[in-house]
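Each remark here refers to the structure printed beneath this line.
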Number of protein chains: 2
Amino acid sequence: MATITKENYLKALYFLHQKSDAISLTDLGKTMEVSKPTVNDMVKKLHDRGWIKYEKYKPLKLTDKGRKAAMQIVRKHRLSEMFLVQVMGFGWEEVHDIAEELEHIKADKLFDRMDELMGFPSVDPHGSPIPDKNGNYNKPNYKLLSQVPENSKVVVRALRDSSTEFLLYLNKKGLQLGTEIVTHQIEPFDKSITVSYASYSETTLSSSVSNRLLVEVV
Amino acid sequence: MATITKENYLKALYFLHQKSDAISLTDLGKTMEVSKPTVNDMVKKLHDRGWIKYEKYKPLKLTDKGRKAAMQIVRKHRLSEMFLVQVMGFGWEEVHDIAEELEHIKADKLFDRMDELMGFPSVDPHGSPIPDKNGNYNKPNYKLLSQVPENSKVVVRALRDSSTEFLLYLNKKGLQLGTEIVTHQIEPFDKSITVSYASYSETTLSSSVSNRLLVEVV
DNA sequence: TTTATTTGTTAGGCTAGTCTAACTTTTTAA
DNA sequence: TTAAAAAGTTAGACTAGCCTAACAAATAAA
Ligand SMILES: [Mn+2]
Ligand SMILES: [Mn+2]
Ligand SMILES: [Mn+2]
Ligand SMILES: [Mn+2]
């Protein structure tokens, strides 16, 4: 397929597409932490290979082919994370960095075997969907905990941020995927929310936290 | 540590050292499948980093530091192979190529966890020793099946060749690590050997095969 | 609707890793 | 012990991926 560098550009483009349909060179440069001339050069190469649509001074778009290529890397990343947690016993806060390396392994049979061994999981340890071999996945429409009304019962289904810092915070608070939460009051001043769940009969989560938790209303 | 390319040069140097104490630039070039100027350049870089002893027109030698670095890669390779077989259910003929990729993963905790999960195995699926974190391992002195006298009882302990072709041959013949073999006659003409073991009460192995099987006399 | 700011491009240069062609040393065989 | 062969080196060039400095185009502000 591509070099590790090009795979990382594709992945970055895929994630930038979640925010907007058209991507600026500058944004891609910021994400990849490289200069504008560097990204400009690279963009021409990605275009030559048919992964992106590119015209001088126009915004970038992944082609279908590019999106599919990106999804394969995301698939490998998420399968790896799930495998590291489920089979190898790592904590959900430890796996991202290892998966950043594993996602570039070419041997497809490694990932197919992981998949099979785990019984074809549909989400990774952080609740993000695992694309299938054709790059398809179903995007369930969860709500942010911050958008749920008072006195609702919800279940934590996914995270909008999988940084180690946030995951360690969740560990400390005893919050996991599947945790059932009941919302009480929302403080109008700072939008903090009082909730109860298994570990806590009454505790407050800041809006910064409730904005990162994706929940299903039950 | 090093780039993937440099890691592969170090590994090649380590394996060439098993044959001779001093390595020629030409041999290293052949192993790495690169031209002499390429290897000449690289050798200077490896020397600058203290991994090899190098003087113009003199043969190459790994330094202690270089040998240790090489052993870490071998360790990662063999742990990976063993993990792929024992935990993931791959056949011993499938794992080498995957391990060639996995050995370059930087995340040490991945390999430490594999090691732990398997109970600190001392050999890989082909009977090659797995170095510990300091690069040490014990080199048992097995005999080649071709060197064992007639009417001996031996156990297959390791392979001198782990190529897919040879492994597939062994699969077909029902030969594995641990197989107990009794030797009968050695044909003087071509040094082929008649043996019996679990799958066969009487079968002949060519010298090409008996030269690749490392056995322990019991 | 000019001017200022942001965004994108070009030119030129650097390292890592590779090559071929040509040359020099060392080794081997006459 | 000299000539041929092999091994090693140098010079110059190429791609991938990165950079800074300088400039051009597009967009936003005045
Ligand atoms: Mn991740
Ligand atoms: Mn994840
Ligand atoms: Mn191997
Ligand atoms: Mn092996």
Side-chain angles (χ1 to χ4, degrees), chain A residues 1-14 16-17 19-62 66 69-70 73 100-101 103-106, chain B residues 1-14 16-17 19-62 66 69-70 73 100-101 103-106:
Chain A
M1 226 211 68
T3 60
I4 292 180
T5 304
K6 289 201 181 71
E7 288 190 349
N8 283 332
Y9 275 94
L10 287 175
K11 206 171 40 135
L13 284 161
Y14 168 74
L16 288 168
H17 259 305
K19 310 235 157 183
S20 85
D21 197 50
I23 297 159
S24 76
L25 229 144
T26 307
D27 283 353
L28 183 54
K30 275 178 188 152
T31 308
M32 294 301 296
E33 299 184 286
V34 294
S35 69
K36 284 186 289 179
T38 296
V39 83
N40 187 267
D41 268 11
M42 182 56 75
V43 140
K44 289 170 187 169
K45 292 177 192 165
L46 297 176
H47 175 255
D48 289 348
R49 303 217 183 190
W51 287 317
I52 64 172
K53 209 167 79 177
Y54 165 69
E55 282 173 277
K56 263 193 177 187
Y57 296 106
K58 299 253 174 72
L60 313 169
K61 266 175 210 182
L62 272 178
I73 306 162
E100 282 294 311
E101 296 195 70
E103 72 190 4
H104 302 293
I105 299 275
K106 303 294 178 217
Chain B
M1 226 213 67
T3 59
I4 291 179
T5 303
K6 290 202 181 68
E7 289 190 347
N8 283 332
Y9 275 94
L10 287 175
K11 207 173 37 135
L13 283 161
Y14 168 74
L16 288 169
H17 259 305
K19 310 234 159 188
S20 84
D21 197 49
I23 297 160
S24 76
L25 227 144
T26 306
D27 283 353
L28 183 55
K30 275 177 189 151
T31 307
M32 293 301 296
E33 300 183 286
V34 295
S35 68
K36 284 186 290 180
T38 297
V39 82
N40 188 267
D41 268 10
M42 183 55 77
V43 140
K44 289 170 187 168
K45 292 176 192 164
L46 297 176
H47 176 254
D48 289 347
R49 304 217 183 188
W51 286 318
I52 63 172
K53 209 169 79 180
Y54 166 69
E55 283 172 277
K56 261 194 180 184
Y57 296 106
K58 297 254 174 74
L60 312 170
K61 266 174 210 185
L62 271 178
I73 306 162
E100 282 295 311
E101 296 195 69
E103 72 190 6
H104 302 293
I105 299 275
K106 303 292 179 223

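Small disclaimer: the values here were computed from a predicted structure and weren't measured. By convention in this document, chain letters (A, B, ...) are assigned in the order of the sequence lines, proteins followed by strands, and residues within each chain are numbered from 1.
- Take B/Lys53 and apply the salt bridge (Lys or Arg N to Asp or Glu O under 4.0 Å) test, not counting sequence neighbours, and it matches no residue.
- The salt bridge (Lys or Arg N to Asp or Glu O under 4.0 Å) search around A/Asp21 returns A/Lys61, not counting sequence neighbours.
- For A/Ile4, the side-chain contact (heavy atoms from CB on, under 4.5 Å) partners are A/Asn8, A/His104, not counting sequence neighbours.
- Contact footprint of chain B on DNA chain D: nucleotides with an atom under 4.0 Å from a non-hydrogen protein atom, first to last in 5' to 3' order, D/dA7 to D/dA11.
- Contact between the side-chain N/O atoms of A/Lys56 and the OP1/OP2 oxygens of C/dT10 is found at a separation under 4.0 Å.
- Atom CG of B/Asn40 and atom P of C/dT24 are 16 Å apart (whole Å).
- Atom-to-atom distance recorded for A/Tyr14:OH and A/Ile73:CD1 is 11.5 Å, nearest 0.5 angstrom.
- Distance, B/Leu25 CG to C/dT24 P: 19 Å, rounded to whole Å.
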Could you list, one pair per line, each protein nitrogen or oxygen that sits under 3.5 Å from a nitrogen or oxygen of nucleotides 27-29 of chain C, together with the distance?
none

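- Residue B/Leu10 comes nearest to B/Ala69 through the heavy atom pair CD1-CB, 3.9 Å, listed as atom of the first residue, atom of the second, then distance.
- In this structure, A/Tyr54 and A/Leu46 have side chains that are not in contact, with every pair of non-hydrogen atoms separated by 4.5 Å or more.
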Anything under 3.5 Å between a donor and an acceptor, one on a side chain of residues 30-45 of chain B, the other on a protein residue two or more places apart or in another chain? List them.
unit_1, atom_1, unit_2, atom_2, d
B/Thr31, OG1, B/Asp27, O, 2.9
B/Ser35, OG, B/Thr38, N, 3.4
B/Ser35, OG, B/Thr38, OG1, 2.9
B/Asn40, OD1, B/Lys44, NZ, 3.3

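- What you find for B/Ile23 and B/Leu13 is that their closest heavy atoms are CD1-O, 3.4 Å.
- Applying the side-chain contact (heavy atoms from CB on, under 4.5 Å) test to B/Lys106 and every residue at least two apart in sequence or in another chain returns A/Glu101, B/Glu7.
- The side-chain hydrogen bond (donor to acceptor under 3.5 Å, both in side chains) search around B/Lys11 returns B/Glu100, B/Glu103, not counting sequence neighbours.
- Looking at residues 41-51 of chain B, you'll see B/Lys44 sit with a heavy atom under 4.0 Å from some atom of DNA chain D.
- Listed in residue order, the members of residues 28-38 of chain B having a heavy atom less than 4.0 Å from DNA chain C are B/Glu33, B/Val34, B/Ser35, B/Pro37, B/Thr38.
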